[in-house]
2 protein chains.
Amino acid sequence: MVTIKQVSEKAGVSSATVSRVINNTGTVKEKTRELVMAAMAELGYRHNVVAASLASNKTHTIGYVVPELHGSFFGAMMGGTEQALREAKKHMLIATGHSDAQIEKEQIDALLSRRCDALILHVEAVSDEYLVNLVDQGVELVVVNRFIEEIGDNCISLDNIKGGYLASRHLLDIGHTQIAYIAGSLFKADGKNRLTGHQQALADMGVEYTDNLIYEGNFQAKSGTEGIRALVARGAKFTAVACANDEMASGAMIALRELGRRVPEDVSVIGFDNVDFASYLSPGLTTIDYPVQKIGSMAAHWVLERVYGHTRHEYQHILSPRLILRGTTSSPEQ
Amino acid sequence: MVTIKQVSEKAGVSSATVSRVINNTGTVKEKTRELVMAAMAELGYRHNVVAASLASNKTHTIGYVVPELHGSFFGAMMGGTEQALREAKKHMLIATGHSDAQIEKEQIDALLSRRCDALILHVEAVSDEYLVNLVDQGVELVVVNRFIEEIGDNCISLDNIKGGYLASRHLLDIGHTQIAYIAGSLFKADGKNRLTGHQQALADMGVEYTDNLIYEGNFQAKSGTEGIRALVARGAKFTAVACANDEMASGAMIALRELGRRVPEDVSVIGFDNVDFASYLSPGLTTIDYPVQKIGSMAAHWVLERVYGHTRHEYQHILSPRLILRGTTSSPEQ
DNA sequence: ATAAAAAATGAAAGCGCTTACAATTGTAAC
DNA sequence: GTTACAATTGTAAGCGCTTTCATTTTTTAT
């Protein structure tokens with residue numbers, strides 16, 4: 001491996017100068033720069049970022065923890081981040097937490113050991129205190145899709161309550177009053193908040209809330225299918241079903257079809273997230289848009305501004321969901 | 001930041017010994033180990049992997065280049081890799097190449113500058129020669145979803161020709177003879193090979209091939225929709241349509257529905273990839289399974305065995321696709 | 001032409017760790 | 001108690017770069 005030293009000898013300058021041209025810092029005469037560039041090219045020099053990181057105490061690397069890699073949600077989010085980061089020549093070190101507190105901590109630890117300049121965390125099992133504590137220790141981190149009061153400045157999240165509200169409010173607005181709800185895992189903040197929004201919408205419109213119309217799923221498609229079956233089995237009557245995410249909504253649609261209930265003629269269905277396949281379903285799934293890519297890029301901007309001092313990057317902390325009307329909702333038949 | 005030096009002083013040993021207990025190398029007396037561990041705990045020591053990497057010339061990091069992060073394909077693949085890598089305490093540095101040769105090269109370069117121990121590359125724009133050249137230079141890399149003769153040992157890919165064959169053969173077997181084909185981008189090997197498979201199946205069954213039934217899409221859902229429209233507009237007659245991926249198949253289904261053609265009663269549809277949402281469509285999409293997660297884990301095993309000398313890791317170079325029967329194909333009506 | 005200021009460069013001390021190699025200590029056999 | 005050998009620990013030389021500070025060169029103003 002050719003080093004800066006060899007380049008400097010070939011160019012007849014000191015290694016400090018070579019470092020200057022590589023990093024474009026300090027001042028170096030145009031003539032010298034060319035000399036160095038030529039030497040680098042001739043020797044096939046490749047900058048050693050590891051050594052540079054050790055010396056400069058900057059890795060230009062962002063640690064990223066997500067629960068899982070599969071599915072289209074996190075890919076979209078990381079895609080948003082990557083796009084913003086690439087321009088700034090930063091890289092992402094990826095780790096998965098699997099919604100397990102132990103693993104999440106280990107991964108955060110590993111990323112810190114690798115001296116990431118900042119962390120972007122979508123973690124669901126670790127406690128608020130743990131994260132607050134990290135921030136207090138001076139760790140530069142941004143928490144995505146989760147809001148923690150004490151470190152609100154470090155959080156970028158969606159207003160899930162509002163999203164849940166919007167979904168059910170839409171159903172109510174077009175005339176439904178018997179609305180089943182297939183919730184996500186309620187131990188996750190998202191699952192809880194979306195349900196809360198649903199309840200608020202009912203309350204606002206004076207519709208009574210009943211546990212009999214609620215089924216707790218786990219955000220997987222299959223639990224949507226099971227949800228419908230369970231609801232029907234327990235004799236629940238409904239003309240619409242709101243689901244805490246699109247996967248469960250698609251699962252629900254499958255179950256409804258099995259039961260001979262047409263969507264949306266017999267039962268309206270609304271999802272949440274607006275993942276890419278929502279529009280591929282037929283009818284297209286009416287849902288709540290989760291601007292996940294945007295959240296990813298906001299996180300990148302946060303880091304760029306706060307950690308690397310780039311200005312001109314703007315970001316908001318709480319994003320708003322919005323209704324995406326497609327074909328799975330309609331007014332109940334009389 | 002507390003260093004190994006401080007730990008060594010607190011524990012009353014040399015820094016070499018501390019390094020030994022951290023890395024679990026060499027021999028260190030149990031008593032000493034405990035002393036060191038205690039000192040580390042007390043001082044809140046955190047290993048500096050950057051410094052370790054510089055000294056040992058190993059980063060325990062795998063560079064990963066994929067075209068894009070969004071969608072469910074690459075997430076599934078990276079998920080397969082991550083799972084295998086996590087056990088071995090390796091990490092992944094992610095970069096996207098955007099199917100652009102220039103960008104792909106830059107990203108590979110950047111990953112190499114960061115001294116990744118190995119690279120896993122899904123690159124589509126860069127030439128075979130370029131990759132062969134890298135291997136010749138001693139870069140440890142595995143190319144996924146692409147086969148290059150000269151470095152076949154470094155490739156892990158799916159037999160796309162066979163996949164294309166399987167899909168069309170299925171349609172032929174159940175009685176279709178008028179089969180439209182919506183291809184992927186033909187400048188990509190996958191797109192080309194799948195079409196080749198289709199043609200072979202036709203030939204095998206003695207069905208004449210005609211360009212009139214072919215539409216070149218770009219792997220996006222929308223181009224599936226456009227494909228059907230174009231085919232119909234040009235007066236093509238078909239009772240089945242094979243698509244080079246599931247996205248286009250779902251786009252095609254939308255177009256067919258718009259035209260009042262039922263799936264599968266009027267037109268059978270088959271996709272390719274078996275992405276997660278294929279089963280959410282209705283009817284469920286018959287497709288060709290692309291064991292993408294498995295490819296991801298094979299790539300990890302390749303690296304673990306070849307670069308890190310872990311044995312017990314097995315991998316194959318060419319994986320086989322298989323038919324997944326769901327609801328979008330049936331025999332043509334008489 | 002000359003002094004003062006600015007620009008360009010070099011010398012060298014780290015950054016925090018790994019890893020030969022040397023030195024020391026412990027152990028078992030005689 | 002010795003000796004030979006194994007187990008344990010320490011010494012110190014890097015790994016390849018950045019960066020401060022001092023030095024030299026160039027430029028500008030007088």
Side-chain angles (χ1 to χ4, degrees), chain A residues 1-40 43-61 89 109-117 308, chain B residues 1-40 43-61 89 109-117 308:
Chain A
M1 211 78 276
V2 16
T3 73
I4 219 180
K5 188 85 191 315
Q6 299 169 43
V7 173
S8 74
E9 281 161 7
K10 173 138 230 146
V13 298
S14 74
S15 62
T17 299
V18 176
S19 174
R20 288 188 186 101
V21 351
I22 289 171
N23 298 294
N24 203 22
T25 62
T27 67
V28 17
K29 219 194 306 188
E30 186 51 30
K31 191 88 176 288
T32 319
R33 173 186 310 283
E34 281 164 13
L35 230 52
V36 172
M37 299 285 249
M40 295 201 301
L43 295 174
Y45 173 74
R46 169 164 282 148
H47 191 47
N48 186 327
V49 174
V50 173
S53 294
L54 177 59
S56 68
N57 202 30
K58 281 233 162 305
T59 55
H60 303 284
T61 300
K89 303 236 184 247
D109 233 56
L111 295 175
L112 255 18
S113 278
R114 279 158 189 270
R115 293 300 189 268
C116 288
D117 294 334
Y308 296 110
Chain B
M1 212 77 273
V2 16
T3 72
I4 221 181
K5 189 85 192 314
Q6 298 170 42
V7 172
S8 74
E9 280 161 8
K10 172 138 230 147
V13 297
S14 74
S15 62
T17 298
V18 176
S19 174
R20 289 187 186 101
V21 351
I22 290 171
N23 297 295
N24 202 22
T25 62
T27 67
V28 18
K29 220 195 305 188
E30 185 52 29
K31 192 86 174 290
T32 318
R33 174 186 309 282
E34 282 164 13
L35 230 53
V36 172
M37 299 286 249
M40 294 201 300
L43 295 175
Y45 173 75
R46 169 164 282 148
H47 190 48
N48 186 328
V49 174
V50 173
S53 293
L54 177 59
S56 68
N57 201 30
K58 280 232 163 305
T59 55
H60 302 285
T61 300
K89 304 233 184 250
D109 233 56
L111 295 175
L112 255 18
S113 278
R114 279 157 188 269
R115 294 301 190 266
C116 289
D117 294 335
Y308 296 112

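Predicted model, so just to flag it, every value in this text is computed and none were measured.
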Pick base, sugar-phosphate or nothing for [X], based on heavy-atom distances below 4.0 Å to the nucleic acid.
X	value
T25(A)	nothing
A16(A)	base
V13(A)	sugar-phosphate
T17(B)	sugar-phosphate
T27(B)	base
T3(B)	sugar-phosphate
S53(B)	nothing

Can you see if the side chain of [X] gets near the phosphate of [N] - specifically, an N or O under 4.0 Å from OP1 or OP2?
X	N	value
S19(A)	dC17(D)	no
S56(A)	dC15(C)	no
N23(A)	dT18(D)	yes

- [ ] Before giving the answer on salt bridge (Lys or Arg N to Asp or Glu O under 4.0 Å), spell out for R33(B) and E30(B) the whole-Å C-alpha distance, their side-chain angles and the decisive distance to 0.1 Å.
- [x] CA-CA 5 Å; R33(B) 174 186 309 282; E30(B) 185 52 29; 3.7 Å; yes
For the pair [X] (side chain) and [Y] (backbone), establish whether a donor and an acceptor sit closer than 3.5 Å, ignoring hydrogens and angles.
X	Y	value
S8(A)	V18(A)	no
T59(B)	R115(B)	yes
S53(A)	V49(A)	yes

Open item on the list: Using whole Å, what does the distance between atom C1' of nucleotide dC17(C) and atom CE of M1(B) come to?
Closed with: 15 Å
Task: R115(A) (side chain) and dG16(C) (base): donor-acceptor pair under 3.5 Å - done: no
Open item on the list: If you go through the side-chain atoms of R20(A), does one of them form a donor-acceptor pair with the base of dG10(C) closer than 3.5 Å?
Closed with: yes
Task: Position toward the 5' end of DNA chain C (nearest nucleotide), L54(B) or K29(B) - done: L54(B)
- [ ] Tell me, with the steps shown, if T61(A) and R114(B) meet side chain to side chain donor-acceptor pair (under 3.5 Å).
- [x] CA-CA 10 Å; T61(A) 300; R114(B) 279 157 188 269; 2.6 Å; yes
